[in-house]
Amino acid sequence: MHQESDSKPAAGSNPWRRASGVVAFALVGALTGCDKNSAQEHKPAETAQPAQAPAAQPPAPKPTMVTVLVTGSPNGQLLSTTSEEGKPTTGAAELLGWWEAKEKHCAGQVKDGVAPCKDASTLALTIGDAWNGPAISSFFYGEPTAVAMGQMGFAASALGNHELDYGLEQFQKNHLAGGFPFLAANLKVKDSALAKGWHLPGYKVFERQGLKIGVVGLTSPKTVTTAMAGRAEGLEVIPDEQALTEAVAAAQKDGADTVVVLADECPTNLEPVVGKHPEWKVSLVAGGRCLQPVDTKQGNTSYVSLGLGFDKYLRAAYTYDASKPEGEQVTGVETSQVDVTGGEGAPAPNAELAKKISDYKTRLDTALGEQIGFTKKAFDKNSKQLLTWVTGAIREQLGTDAVVLNRKGFREGLPAGKVTKGSVYSVLPYENSLMVVEVKGADLAHQLENPEAVFSGFTAAGKGKFKDAKGKPLDPKKEYKVATIEYLYFGGDGFEFEKLDPEPGETGMSWQTPVIDWTKTQATTEAKPLDKVVK
């Protein structure tokens with residue numbers, strides 16, 4: 001039956017007559033075997049349908065902004081301090097307050113990659129080397145820094161080559177306290193029996209505002225060679241390209257729209273590798289350990305180097321359009337390095353984190369707040385005065401012919417004013433015990449020529465030649481007693497003491513102890529400061 005039009009009939013026509021005529025004609029056609037076309041030829045014209053409005057289209061989704069926040073190596077820099085140039089530097093609570101106010105970042109531990117607040121639009125990352133530094137971190141074996149970074153909402157870190165300085169067990173404790181993963185795609189288990197269950201992921205994929213960001217970590221090749229003996233056994237570092245090929249493919253299989261690489265090495269080292277693989281969609285390579293600052297862009301990848309502490313961070317703003325095809329949703333990335341300033345007009349520090357850090361500071365002051373001396377002038381890091389103070393104190397306390405340490409063991413200078421036990425731990429943050437070896441003069445000369453060597457008891461007297469404290473030339477056949485630290489004894493920084501004396505004397509004494517004891521015996525005051533005693 002023909003469906004009637006919704007429109008009214010033309011004026012002067014009889015709708016009932018038209019309808020009955022149509023019905024009658026249809027019946028005649030059916031009786032005479034009239035075909036369909038014939039019926040259609042005699043079918044009266046229907047009233048025109050009104051034009052229908054096109055269906056409303058849903059508005060295109062607006063591009064979403066996701067911000068990646070990357071810090072340099074934390075190095076235990078929890079407290080705000082004053083730099084050598086007299087400028088204030090910000091600590092962990094100040095940075096978190098800044099992030100909350102400026103970046104809409106939410107505080108609190110990230111669990112299973114998920115931020116503690118709903119609709120989070122930031123992802124906080126770091127390049128590694130978290131624990132070592134001032135006494136507020138190193139005295140507690142890095143625990144305060146782990147707790148602080150968890151509160152700051154860090155989602156992941158590359159594995160720094162100093163993460164194992166307090167041993168595997170302490171690393172695992174700090175790992176749990178922080179709640180975020182350490183990533184090392186290039187660190188593999190070579191011998192599972194020696195590695196003792198060691199395993200770190202190479203990558204993680206984090207989702208923020210619908211954008212999936214693959215984060216790949218690369219540790220330094222030095223990780224397995226500079227860790228204390230036994231702490232990296234069974235592990236090996238594979239080439240970066242091999243590691244990235246595996247990790248990036250896995251991250252993309254897990255849905256990563258873009259990839260960020262965190263490296264405990266200079267980003268420029270990775271340019272040739274990443275540049276060959278545009279299919280990896282690496283948008284950012286962040287790292288450190290560069291001789292000169294790096295902030296460049298090659299193709300669609302930014303390469304940025306970062307320093308130490310929490311007074312600066314890298315801001316990478318991603319524009320993301322979910323309406324575009326998968327793999328093409330990132331429409332832009334803008335990077336900039338942000339200086340975090342304190343003082344008047346700056347955002348307030350995060351109160352909860354400031355309280356946690358203050359509690360650790362109180363515990364530290366109780367343990368190490370005892371004043372052991374006074375200096376009118378600061379001893380700058382790597383200054384001859386600082387090195388002489390430490391090596392000379394150890395030599396006099398142990399009564400050895402020489403002391404050999406390494407330059408990288410000195411992490412802070414000595415500020416002017418009161419010298420406390422905590423001051424010594426800030427200068428020498430690592431966990432090292434002192435050992436005494438006996439070596440022939442010829443072998444000792446070879447150790448003193450190591451470019452990393454810092455020593456007392458001998459002075460250079462020409463190429464390959466040295467004089468002792470009394471001005472006598474080093475005797476190549478004479479046996480000398482040398483104090484060094486456990487790390488160097490077992491081959492750190494290319495030293496060979498273990499080969500030269502397989503049965504060393506183990507003092508059982510941390511290397512901070514003789515420095516504290518010697519400084520205390522000097523009874524330095526404002527009238528007789530340490531900077532006048534140590535030349």
Side-chain angles (χ1 to χ4, degrees), residues 84 222 225-226 289-292 375 377-414 424 427-428 430 432-505 507 509 511-512 514-515 518-519 522 530-535:
E84 294 177 2
K222 296 180 179 180
T225 59
T226 59
R289 303 185 183 281
C290 300
L291 296 177
Q292 298 294 332
T375 180
K377 294 182 180 179
F379 293 6
D380 293 335
K381 180 185 174 184
N382 293 326
S383 66
K384 181 181 177 182
Q385 201 168 27
L386 183 75
L387 305 181
T388 299
W389 170 48
V390 172
T391 58
I394 294 174
R395 179 170 167 261
E396 288 197 30
Q397 291 298 108
L398 297 186
T400 57
D401 298 308
V403 169
V404 179
L405 305 177
N406 63 327
R407 294 183 185 279
K408 292 195 290 286
F410 294 76
R411 301 298 280 186
E412 300 283 330
L414 179 68
V424 178
V427 174
L428 308 173
Y430 302 122
N432 271 307
S433 62
L434 287 164
M435 309 179 84
V436 177
V437 296
E438 294 189 8
V439 297
K440 290 188 179 296
D443 294 324
L444 175 57
H446 183 60
Q447 305 309 304
L448 298 180
E449 288 181 305
N450 186 315
E452 286 298 321
V454 172
F455 51 88
S456 66
F458 289 87
T459 55
K463 187 175 182 180
K465 297 181 179 180
F466 298 89
K467 295 187 298 185
D468 66 17
K470 296 180 180 180
K472 294 181 179 180
L474 184 149
D475 185 343
K477 296 182 180 181
K478 181 180 176 180
E479 291 271 351
Y480 291 95
K481 285 188 176 182
V482 181
T484 190
I485 53 176
E486 185 181 1
Y487 167 62
L488 300 187
Y489 176 81
F490 286 111
D493 284 340
F495 288 91
E496 302 172 317
F497 290 115
E498 184 180 18
K499 295 178 182 178
L500 300 174
D501 185 356
E503 298 182 1
T507 67
M509 182 187 301
W511 64 333
Q512 297 94 350
V515 180
W518 179 87
T519 304
Q522 304 310 302
L530 185 64
D531 50 291
K532 295 295 184 182
V533 175
V534 179
K535 303 295 185 180

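Scope of the values below: all heavy atoms of this structure, side chains included, with no hydrogens, waters or symmetry mates. Residue indices begin at 1 and follow the sequence shown.
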Q: Anything under 30° is parallel, anything over 60° is perpendicular, the rest tilted; go ahead and classify Y430 against W511.
A: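 Rings of Y430 and W511: parallel, as their planes differ by under 30°.
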
Taking all heavy atoms of [X] and all of [Y], pick out the closest pair and write down the distance.
{"X": "L474", "Y": "A442", "answer": "CD2-N, 4.3 Å"}
{"X": "G464", "Y": "A445", "answer": "O-CB, 4.4 Å"}
{"X": "A393", "Y": "V515", "answer": "CB-CA, 3.9 Å"}
{"X": "V439", "Y": "F497", "answer": "CG1-CD2, 4.5 Å"}
{"X": "K381", "Y": "L386", "answer": "CA-CD2, 3.9 Å"}
{"X": "P514", "Y": "Q397", "answer": "O-CG, 3.4 Å"}

Roughly how far apart are [X] [atom1] and [Y] [atom2], rounded to 0.5 Å?
{"X": "E438", "Y": "E503", "atom1": "CD", "atom2": "CD", "answer": "11.0 Å"}
{"X": "L428", "Y": "R411", "atom1": "CG", "atom2": "CZ", "answer": "11.5 Å"}
{"X": "T459", "Y": "K467", "atom1": "OG1", "atom2": "NZ", "answer": "5.0 Å"}
{"X": "T519", "Y": "L530", "atom1": "OG1", "atom2": "CG", "answer": "6.0 Å"}
{"X": "K222", "Y": "D493", "atom1": "NZ", "atom2": "CG", "answer": "7.5 Å"}

Sidechain-backbone polar pair: [X] side chain, [Y] backbone, donor-acceptor under 3.5 Å:
{"X": "D443", "Y": "L500", "result": "no"}
{"X": "Q447", "Y": "E496", "result": "yes"}
{"X": "Q512", "Y": "N432", "result": "no"}
{"X": "Y480", "Y": "D475", "result": "yes"}
{"X": "D531", "Y": "T375", "result": "no"}

Taking the side chain as every heavy atom from C-beta outward, state whether [X] and [Y] have any pair of such atoms under 4.5 Å apart.
{"X": "P473", "Y": "K465", "value": "no"}
{"X": "Q385", "Y": "K535", "value": "no"}
{"X": "T484", "Y": "F495", "value": "no"}
{"X": "L405", "Y": "T391", "value": "yes"}
{"X": "V533", "Y": "W389", "value": "no"}

Q.
Quick one, L434 with I485, criterion side chain to side chain contact (heavy atoms under 4.5 Å, CB included). Give me CA distance, side-chain angles, the key distance, then yes/no.
A. CA-CA 5 Å; L434 287 164; I485 53 176; 3.9 Å; yes

Q. F466 and E449: side chain to side chain contact (heavy atoms under 4.5 Å, CB included), yes or no, with the steps?
A. CA-CA 10 Å; F466 298 89; E449 288 181 305; 4.1 Å; yes

(Q) Using side chain to side chain contact (heavy atoms under 4.5 Å, CB included), reason through L387 and R407 one step at a time and then give a plain yes or no. (A) CA-CA 9 Å; L387 305 181; R407 294 183 185 279; 4.0 Å; yes

Q: Go through the steps to decide whether L398 and V403 satisfy the test side chain to side chain contact (heavy atoms under 4.5 Å, CB included), and finish with yes or no.
A: CA-CA 9 Å; L398 297 186; V403 169; over 6 Å; no

